[in-house]
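Here is the structure we will look at.
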2 protein chains.
Amino acid sequence: MGITKSEIFTVEQNQLAQFAKAFSHPARVAILQYLFKTKSCVCGSLVDEIGLAQATISQHLKELKNLGLIQGTVEGTSVCYCINPTVWEEMKTVLSSFLNQDTDVADDTCC
Amino acid sequence: MGITKSEIFTVEQNQLAQFAKAFSHPARVAILQYLFKTKSCVCGSLVDEIGLAQATISQHLKELKNLGLIQGTVEGTSVCYCINPTVWEEMKTVLSSFLNQDTDVADDTCC
DNA sequence: TTGTTATATTGCAATATTACGATGAATCAA
DNA sequence: TTGATTCATCGTAATATTGCAATATAACAA
């Protein structure tokens with residue numbers, strides 16, 4: 001049905017999935033990487049950097065903004081975006097504890 | 001258009017996005033967590049554990065299997081699934097280096 | 001063989017996502 | 001004011017995802 005049954009999962013599972021969804025698209029990965037690289041905020045240079053239409057980039061930025069991962073302030077005619085370090089760290093914590101689950105099945109990989 | 005323009009992104013960006021997509025849905029998060037918890041492989045008990053139809057669980061398992069994150073072997077009438085430690089570690093490496101990008105914007109959060 | 005159990009696959013419906021052109025709103029320069 | 005620039009939003013089209021019922025397949029037990 002295309003609709004996720006989030007009610008049947010825990011808050012943690014839903015949060016984890018939401019964070020993962022943030023960079024489950026290469027364009028958003030590229031945006032975040034560029035924001036990290038240029039540290040000082042970036043605006044529409046993303047449109048040149050990434051080969052997507054301005055409307056498309058704006059849409060991806062909106063998703064990242066909604067999650068709180070980035071923030072933007074109007075700077076004259078342009079908008080300056082940058083990483084929100086607080087939320088990024090929070091995400092890192094949530095995802096790391098998931099990724100670092102023990103894989104120590106010794107050698108007896110059962111399957 | 002619903003179709004991702006993966007050609008315009010690097011192999012790394014696409015791979016990162018693919019790994020992230022693996023657990024961008026709470027059901028797949030729950031499946032992976034359960035597989036970690038029960039270590040010894042698990043089959044259709046996932047259907048009881050998670051409140052989704054058998055067909056739906058099977059579909060999610062297929063996606064995880066396609067990515068290589070899990071593997072399954074036929075065990076009589078049932079199928080035993082477990083984490084593929086090698087691929088999991090590979091994913092951990094890829095995602096960690098992305099997550100651990102420096103947030104040291106000092107305090108001058110530009111935006 | 002027949003029935004049972006466990007899983008995969010198929011087909012379908014509902015919703016979500018990706019992408020872009022066109023348009024709107026805001027700011028600044030002349 | 002007018003025009004140019006930058007970004008957001010709207011509308012739309014194409015495709016993807018999620019979910020399930022029904023059915024198929026495979027292995028075993030009797």
Side-chain angles (χ1 to χ4, degrees), chain A residues 1-9 13-14 17-32 34-35 41-67 70-82 111, chain B residues 1-9 13-14 17-31 34-35 38 41-67 70-82 111:
Chain A
M1 307 176 178
I3 191 166
T4 297
K5 284 191 157 183
S6 25
E7 332 84 58
I8 67 172
F9 301 103
Q13 288 166 338
N14 282 307
Q18 267 202 325
F19 275 137
K21 194 176 277 179
F23 48 97
S24 70
H25 191 286
R28 290 192 293 272
V29 171
I31 288 174
L32 291 169
Y34 190 70
L35 277 178
C41 312
V42 184
C43 358
S45 51
L46 284 161
V47 177
D48 301 323
E49 179 72 11
I50 305 169
L52 289 174
Q54 183 266 322
T56 309
I57 297 288
S58 190
Q59 207 174 340
H60 283 302
L61 285 170
K62 191 181 178 183
E63 287 176 61
L64 293 173
K65 207 167 46 177
N66 284 344
L67 244 182
I70 65 171
Q71 48 198 178
T73 39
V74 179
E75 200 109 331
T77 57
S78 57
V79 175
C80 177
Y81 283 104
C82 65
C111 304
Chain B
M1 309 178 178
I3 191 167
T4 297
K5 284 190 158 182
S6 25
E7 332 85 57
I8 68 172
F9 301 104
Q13 288 166 337
N14 282 307
Q18 268 202 324
F19 275 136
K21 193 176 276 178
F23 48 97
S24 70
H25 190 287
R28 290 191 292 273
V29 171
I31 288 175
Y34 190 71
L35 278 179
T38 59
C41 311
V42 184
C43 356
S45 50
L46 284 162
V47 177
D48 302 323
E49 179 72 11
I50 305 169
L52 289 174
Q54 183 266 323
T56 308
I57 297 287
S58 189
Q59 207 174 340
H60 283 302
L61 285 170
K62 192 182 179 182
E63 287 177 61
L64 293 173
K65 206 166 48 178
N66 284 344
L67 243 182
I70 65 172
Q71 49 197 176
T73 39
V74 179
E75 200 108 333
T77 57
S78 58
V79 175
C80 177
Y81 283 104
C82 65
C111 305

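Please read these numbers as outputs of a predicted model, since none were measured by experiment. All values below come from the heavy atoms of this structure, side chains included, with hydrogens, waters and symmetry mates left out. A note on names: the letters A, B, ... follow the listed sequences, proteins ahead of strands, and every chain is numbered from 1.
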Below 4.0 Å: OP1/OP2 of C:dA8 and any side-chain N or O of B:Tyr81
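It does, given that an N or O in the side chain of B:Tyr81 lies less than 4.0 Å from OP1 or OP2 of C:dA8.
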
Does OP1 or OP2 of D:dT17 have a side-chain N or O of B:His60 closer than 4.0 Å?
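For B:His60, the contact criterion (side-chain N or O under 4.0 Å from OP1 or OP2 of D:dT17) is not met.
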
Counting heavy atoms from C-beta on, name the nucleotide in [options] closest to the side chain of [X].
{"X": "B:Lys65", "options": "D:dA27, C:dA8, C:dC20", "value": "C:dA8"}
{"X": "B:Leu52", "options": "C:dC20, D:dG19, D:dC7", "value": "D:dG19"}
{"X": "A:Lys21", "options": "C:dT17, D:dT5, C:dT10", "value": "C:dT17"}
{"X": "B:Val79", "options": "C:dT7, D:dT6, D:dT9", "value": "C:dT7"}
{"X": "B:Thr56", "options": "D:dA8, D:dC28, D:dG19", "value": "D:dG19"}
{"X": "B:Ser58", "options": "D:dG19, D:dC28, C:dA8", "value": "C:dA8"}
{"X": "B:Ala55", "options": "D:dA8, D:dT9, D:dA21", "value": "D:dA21"}

If you take atom types as modelled and just measure distance, does the side chain of B:Gln54 reach the base of C:dA8 with a donor-acceptor pair under 3.5 Å?
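Such a pair exists between side chain and base.
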
Treating B:Thr38 as the side-chain partner and B:Tyr34 as the backbone partner, does any N or O pair qualify as donor plus acceptor under 3.5 Å?
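Judged by distance alone, yes, a pair lies under 3.5 Å.
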
Over how many whole Å does the gap from [X] atom [atom1] to [N] atom [atom2] extend?
{"X": "B:Leu46", "N": "C:dT7", "atom1": "CG", "atom2": "P", "result": "9 Å"}
{"X": "A:Ile57", "N": "D:dT6", "atom1": "CD1", "atom2": "P", "result": "15 Å"}
{"X": "A:Glu63", "N": "C:dA19", "atom1": "CD", "atom2": "C1'", "result": "12 Å"}
{"X": "B:Gln59", "N": "D:dA21", "atom1": "CD", "atom2": "P", "result": "13 Å"}
{"X": "A:Lys62", "N": "C:dA16", "atom1": "NZ", "atom2": "C1'", "result": "14 Å"}
{"X": "A:Ile8", "N": "D:dC20", "atom1": "CD1", "atom2": "P", "result": "7 Å"}
{"X": "A:Glu75", "N": "D:dT6", "atom1": "CD", "atom2": "C1'", "result": "13 Å"}
{"X": "A:His25", "N": "C:dA16", "atom1": "NE2", "atom2": "P", "result": "17 Å"}

Indicate, with a heavy-atom threshold strictly under 4.0 Å, whether A:Thr4 touches base, sugar-phosphate, or nothing.
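Result for A:Thr4 = sugar-phosphate.
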
Using a heavy-atom cut-off of under 4.0 Å over every strand shown, decide if B:Ala53 touches base, sugar-phosphate, or nothing.
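Sugar-phosphate only.
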
Quick one: closest heavy-atom pair of [X] and [Y], and the distance?
{"X": "B:Leu52", "Y": "B:Val47", "result": "O-CG1, 3.7 Å"}
{"X": "B:Ile70", "Y": "B:Tyr81", "result": "CD1-CD2, 3.8 Å"}
{"X": "A:Thr4", "Y": "B:Pro26", "result": "CG2-CG, 3.8 Å"}

Considering heavy-atom distances to DNA chain C, does A:Ala27 or A:Ile3 have its closest nucleotide positioned more toward the 5' end?
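Mapping each residue to its closest nucleotide by heavy atoms, the 5'-most match is A:Ile3.
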
Atom NZ in A:Lys5, atom CG in A:Asn14: separation rounded to 0.5 Å?
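Spacing of NZ (A:Lys5) from CG (A:Asn14) equals 13.5 Å.
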
So B:Phe9 and A:His25, would you call those rings parallel, tilted or perpendicular, with 30° and 60° as cut-offs?
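Because their plane-to-plane angle is over 60°, the rings of B:Phe9 and A:His25 count as perpendicular.
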
